[in-house]
Amino acid sequence: MDPTTLSCTECASKLSALLAGFSPNAYDDDSWRDLEVIAQHLANYLRKRHGPEDYHTPLGSTTLPQDLTSLLGVALNGAPIPDDARVPAVLEILRVGANLCVDHDQNRGNLLEAGFPQAVVLLLEGYSELVPSGPQADPLPLSIPHLEVIKIAIGVLLNTSLGFNPVKFRLISLEVAMTLVRLSSALYPVGSWMRCTTCLFPGDRAPEEKETPIRIAESWNTRIALSNWAWRLITELRDDEHPLFDPQVLPYLVQPLIAFTPPLLTAPPPPNLAHPSPLRTSLLQADFELLSDSCSQLESLALDVEDVRLSLARGFQFPAEHQNVPCLIAMLDFIEQGSYAPLWYVQHEASFSMADVRNQEKAFDDCKAAVIKAVVETSGEDKNIDVLVDESDPTKQGGSYVSRLVNWIRNFVLGGMHSNARDDLVICATLSLGNLVRREPQSTLLLSPPHDIAQLLSSEVLLSQSTDIKLKHGVIGLLKHLSQASCNSAPNRMALNIAKVVERVLSSGVLDERSDAMADVVQVNAIGIVKHLCNGSLDNSLKVILPAETNNPPPTGLSQVLSLVKHSDKVAIKSEGTRIIVNLVKSLWSNEPPKEYHNVEEIHVRQQKRDKAITALLSPSCIEALTALLERSLKYPVLVNEAVVALSLLSTHRDGGALVLRAIVAPLPAEVTPGIPSSMAIPATPSTSSEVESPNIWSPGARHRPPQNRALDHLVSIVRNISKNDDAQGLRLAATSYPIEVRTNVCSLFGQVTKHVSGEDADIVKDEARPVLEELSRHGQGLGRESMLGNAARRVLDMWAQA
């Protein structure tokens, strides 16, 4: 029978007839050879379109999809994989199925309904049973025909699922991705050709599979192709909402990283691949593509799957977690020691131009960046802190993980500004440690000997105007976490002060006006450092406010903050920057505890500095910034209270009352005014206030006033704790319910700003505030918190009555 004379329809009919002639226990070799040649002819015919005539749709509507599924089952006869005699027929059956559905959703659906993709998955699972447990260093010996069957089986799944969700979702539910990883890793372990001492073929191979150079090249190329197709399919199945893998995939994903890390990376190639050749080029390229795929998966899994982050940390302490593969250590080794393949640079390497090499170098750097992100995310998992910070080894403070990261930073600093140092290691270390030291015990560990990390982070190598912004991002972020976690630890704050962290941050140029997103993040963190370290610290506050005692002092920290707050368009920078001013005011107005080393002269000098600093804060720019914080933060009672307290303290100075009074009665800045009406309509935030304890007061005569455009109007509304609404309901509760303490502080501010000042501005405050204060004084009877607000209002009214 000459199959080339048959049409597609006739070939499909012949396959159906052959299927009917097979019996479970009778295998006629001639019939299987007939099936092979007929299926081969049909597969070849379906491989490409033949003009306008459509053969795919009619064939898909016949029994062919079901016949293919049945033929595959008969060929296997209950075995997980076909025997050698049936392999050629199975290969052609798979080719027919793969080519039938190319760019054809209807046939993809027909094959799915017939169970063909599911049967192919079972076939691949059968081959995966040949793979020993765990990642393999050497390739699994397998004949070329069986390799071809695996490759085409993967091709079937790839063709049926491309852009077709029903098949895609079924394959995901069958967990085919893990099967593909196990097969790909076993049949083509990355870098295995560099150390392969075992044969690629099984020991009982046929004579025609003698390990000739041609057959070896064919085996390697087939392994490369199937591995490439496997990862293409994994990429196609990838779904951000439903991760394909769980932690069991990690030992397989780190194998490419190990291959690109010494000693394997620097090992000489075997004799048969010692010289440039097309095969060696293909192997080099395949290794790198698999590295790229693995790094991408590691990054996404660490970002999206909590179990993966937890497993990586556990595996650092307990290697049995990953079948004795130290996954996180392998990732750290790759970051530190991994490098470009030396054979990329061998002259005359086939098809490797210098442009290709440069592109691969950049792509390799991207791979490292992906692994760094995975490490940082693993460190950022709260449940991993007590696992990765290990205090059981007295020789390594914080454990080997923390010590290794700190050493990366130390080596960079010791190398100096002009060394060929590795800033990527510092970026990884600082971001990872920043995630680990969000609590005081871990901060204490890093700030104490032998690490003394504050001294390292504040070095000129890491914090100077010339430092790259990416490096500053990690360093400033870590310092921010250290300063925040050390608020209640005097020794930790002392370590940060001895390292001159505040001065280094202010001189690093990080508070200069920038416009890119990363600079914004760095600036917010830098502001956080200064804010926390100035809280309750007169020494640090003086360093921020007063100019350096040099011939040509740079801009003061206060002037940098004010300029940044004024010109930035980011609310976080404006608000957090102004909170520095709040802390400066509170620190300067607080009573400094006595110190033994203070003699009379020192006390006099410090008081002079304090007076100069207070004078610097008593400026329109500082007071306007605080007023803007109040106006910008109406939905955040904590921020409102901070602004009110700072303004009240400034008002206690003989020169401060008039400045604050003028600021609160003046029209709002343009940056704040447009957002006011909508800001009052933001849903309520949780509050400690109670409507029973804290009456809401409304002044009917003010209902039809113009929209609020002064700080005074907001202050009155805060005390009243009610917002205006001209709809049918008439009145409603304020969008943000303010605690009694905040409203009481506003009453105190009204009294303080009018205490020593008279004139039109003071009269405006009295006229606006008196009705609500009178109402509060009448309702605020009782004891405890119930009376706090009423008593505060009554004190202000009494003071005004005596004036």
- Message: The test is side-chain contact (heavy atoms from CB on, under 4.5 Å); show your working for Trp589 and His653 and say whether it passes.
- Response: CA-CA 10 Å; Trp589 261 256; His653 193 275; 4.2 Å; yes

- Message: Go through it in stages, so that I can follow the logic: the residues are Leu436 and Gln442, the test is side-chain contact (heavy atoms from CB on, under 4.5 Å), and I'd like the CA-CA distance, side-chain angles, deciding distance and then a yes or no.
- Response: CA-CA 7 Å; Leu436 291 174; Gln442 290 76 30; 5.5 Å; no

- Task: Any chance you could lay out the side-chain contact (heavy atoms from CB on, under 4.5 Å) test for Leu542 and Leu588, step after step, and finish with the verdict?
- Result: CA-CA 8 Å; Leu542 294 176; Leu588 288 171; 4.1 Å; yes

- Task: Output, in order, the C-alpha distance, side-chain angles, deciding distance and verdict of side-chain contact (heavy atoms from CB on, under 4.5 Å) for Ser648 and Val644.
- Result: CA-CA 6 Å; Ser648 294; Val644 169; 4.3 Å; yes

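Contact annotation: the side chain of Asn384 never approaches that of Ser379 to less than 4.5 Å [non-hydrogen atoms, C-beta and beyond]. For the pair His481/Ser443, no side-chain contact is recorded, criterion being any heavy-atom separation below 4.5 Å from C-beta on. When side chains are defined from C-beta on, Ser507 does not count as touching Pro554, because their heavy atoms never get closer than 4.5 Å. With a 4.5 Å cut-off on side-chain heavy atoms, Ile409 and Leu433 count as touching. Within the 4.5 Å cutoff, the side chain of Val665 has heavy atoms near those of the Val765 side chain. Contact annotation: the side chain of Leu650 never approaches that of Leu659 to less than 4.5 Å [non-hydrogen atoms, C-beta and beyond]. Between Val402 and Leu388 the shortest side-chain heavy-atom distance does not fall below 4.5 Å.
Every side-chain contact (heavy atoms from CB on, under 4.5 Å) that Val524 has, sequence neighbours left out, goes to Ala572, Ile573. For Lys586, the salt bridge (Lys or Arg N to Asp or Glu O under 4.0 Å) criterion is met by no residue, not counting sequence neighbours. For Gln607, the side-chain hydrogen bond (donor to acceptor under 3.5 Å, both in side chains) partners at least two apart in sequence or on another chain are Asp611. Scanning for salt bridge (Lys or Arg N to Asp or Glu O under 4.0 Å) contacts around Glu576 gives Lys531, Arg579, with sequence neighbours left out. Partners of Val505 under the side-chain contact (heavy atoms from CB on, under 4.5 Å) rule, at least two apart in sequence or in another chain, are Leu463, Ile476, Val501, Val510, Ala526, Ile529, Val530. Applying the salt bridge (Lys or Arg N to Asp or Glu O under 4.0 Å) rule to Glu601 yields no partners; only residues at least two apart in sequence or on another chain are considered. With sequence neighbours excluded, the residues that form a side-chain contact (heavy atoms from CB on, under 4.5 Å) with Ser448 are Thr444. For Pro441, the side-chain contact (heavy atoms from CB on, under 4.5 Å) partners are Arg439, not counting sequence neighbours. Partners of Ser459 under the side-chain hydrogen bond (donor to acceptor under 3.5 Å, both in side chains) rule, at least two apart in sequence or in another chain, do not exist in this structure. Among residues two or more places apart in sequence or in another chain, the salt bridge (Lys or Arg N to Asp or Glu O under 4.0 Å) test is passed with Arg309 by Glu381.
Although no hydrogens or angles enter the test, the distance criterion places no donor-acceptor pair under 3.5 Å between the side chain of Tyr738 and the main chain of Ser717. Under the 3.5 Å distance criterion, the side-chain polar atoms of Thr467 are matched with a main-chain donor or acceptor of Ser464. Side chain of Ser568 to backbone of Val565: no donor-acceptor contact under 3.5 angstrom is found. Remark: the backbone N or O of Gly536 is paired with a side-chain donor or acceptor of Ser587 at under 3.5 angstrom. Judged by distance alone, the side chain of Gln560 and the main-chain N or O of Leu506 form a donor-acceptor pair under 3.5 Å. Remark: the backbone N or O of Gln397 is paired with a side-chain donor or acceptor of His451 at under 3.5 angstrom. Without hydrogens or angle criteria, Lys472 side chain to Ala519 main chain gives no donor-acceptor distance under 3.5 Å. One N or O on the side chain of Thr556 and one on the backbone of Ser559 form a donor-acceptor pair closer than 3.5 Å. In this structure, Glu642 contributes its side chain and Pro637 its backbone to no donor-acceptor pair below 3.5 Å. Ser619 places no side-chain N or O within donor-acceptor distance of the main-chain N or O of Thr615, the cut-off being under 3.5 Å.
Here the closest non-hydrogen pair linking Cys747 and Leu789 is SG-CD1, 4.0 Å. Closest non-hydrogen pair, Trp800 versus Phe750, comes out as CZ2-O, 4.1 Å. The shortest non-hydrogen separation linking His567 to Ser563 is ND1-O, 2.9 Å. Shortest non-hydrogen contact noted between Ala762 and Val757 is CB-O, 3.6 Å. Of all heavy-atom pairs spanning Val585 and Ala646, the tightest one is CG1-O, 3.9 Å. Across every non-hydrogen atom of Ala613 and Leu546, the tightest pair is N-CD2, 3.8 Å.
The side chain to side chain contact (heavy atoms under 4.5 Å, CB included) with Val640 is formed by just one residue from the set Ile718, Leu629, Leu715; it is Ile718. Paired with Asn641 under the rule side chain to side chain contact (heavy atoms under 4.5 Å, CB included), one option of Val645, Val638, Leu639 passes, and it is Val645. Checked against Leu626 for a side chain to side chain contact (heavy atoms under 4.5 Å, CB included), the options Thr578, Leu617, Val660 give a single hit: Thr578. A side chain to side chain contact (heavy atoms under 4.5 Å, CB included) with Leu584 is found for one member of Ile614, Val561, Asn540, Leu558 and no other, namely Leu558.
Crowding of Met518 atom CE: a count of heavy atoms from other residues, nucleotides or ligands under 6.0 Å exceeding 12. Counting non-hydrogen atoms of other residues, nucleotides and ligands closer than 6.0 Å to CD of Gln608 gives a total above 12.
Residues Asp382 and Arg438 are paired through a salt bridge, judged by an N-O separation under 4.0 Å between the basic side chain and the carboxylate. A salt bridge links Asp713 with Arg710: the distance from a Lys NZ or Arg NE/NH1/NH2 to an Asp or Glu carboxylate oxygen falls below 4.0 Å.
Expressed to the nearest 0.5 Å, how far CG of Leu618 lies from SG of Cys622 amounts to 8.5 Å. To the nearest 0.5 Å, the span separating CD on Gln465 from CD on Glu460 amounts to 10.0 Å.
For residues 646-665, the pairs satisfying salt bridge (Lys or Arg N to Asp or Glu O under 4.0 Å) are Arg662-Asp761, with sequence neighbours left out.
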Return all side-chain donor-acceptor pairs below 3.5 angstrom for residues 482-490, not counting sequence neighbours, or 'none' if the list is empty.
residue : atom : partner : partner atom : Å
Ser483  : OG   : Leu479  : O            : 3.1
Ser483  : OG   : Lys480  : O            : 2.9
Gln484  : OE1  : Lys480  : NZ           : 3.3
Ser486  : OG   : Leu482  : O            : 2.6
Ser486  : OG   : Asn492  : ND2          : 3.3
Ser489  : OG   : Asn492  : N            : 3.3
Ser489  : OG   : Asn492  : ND2          : 3.4

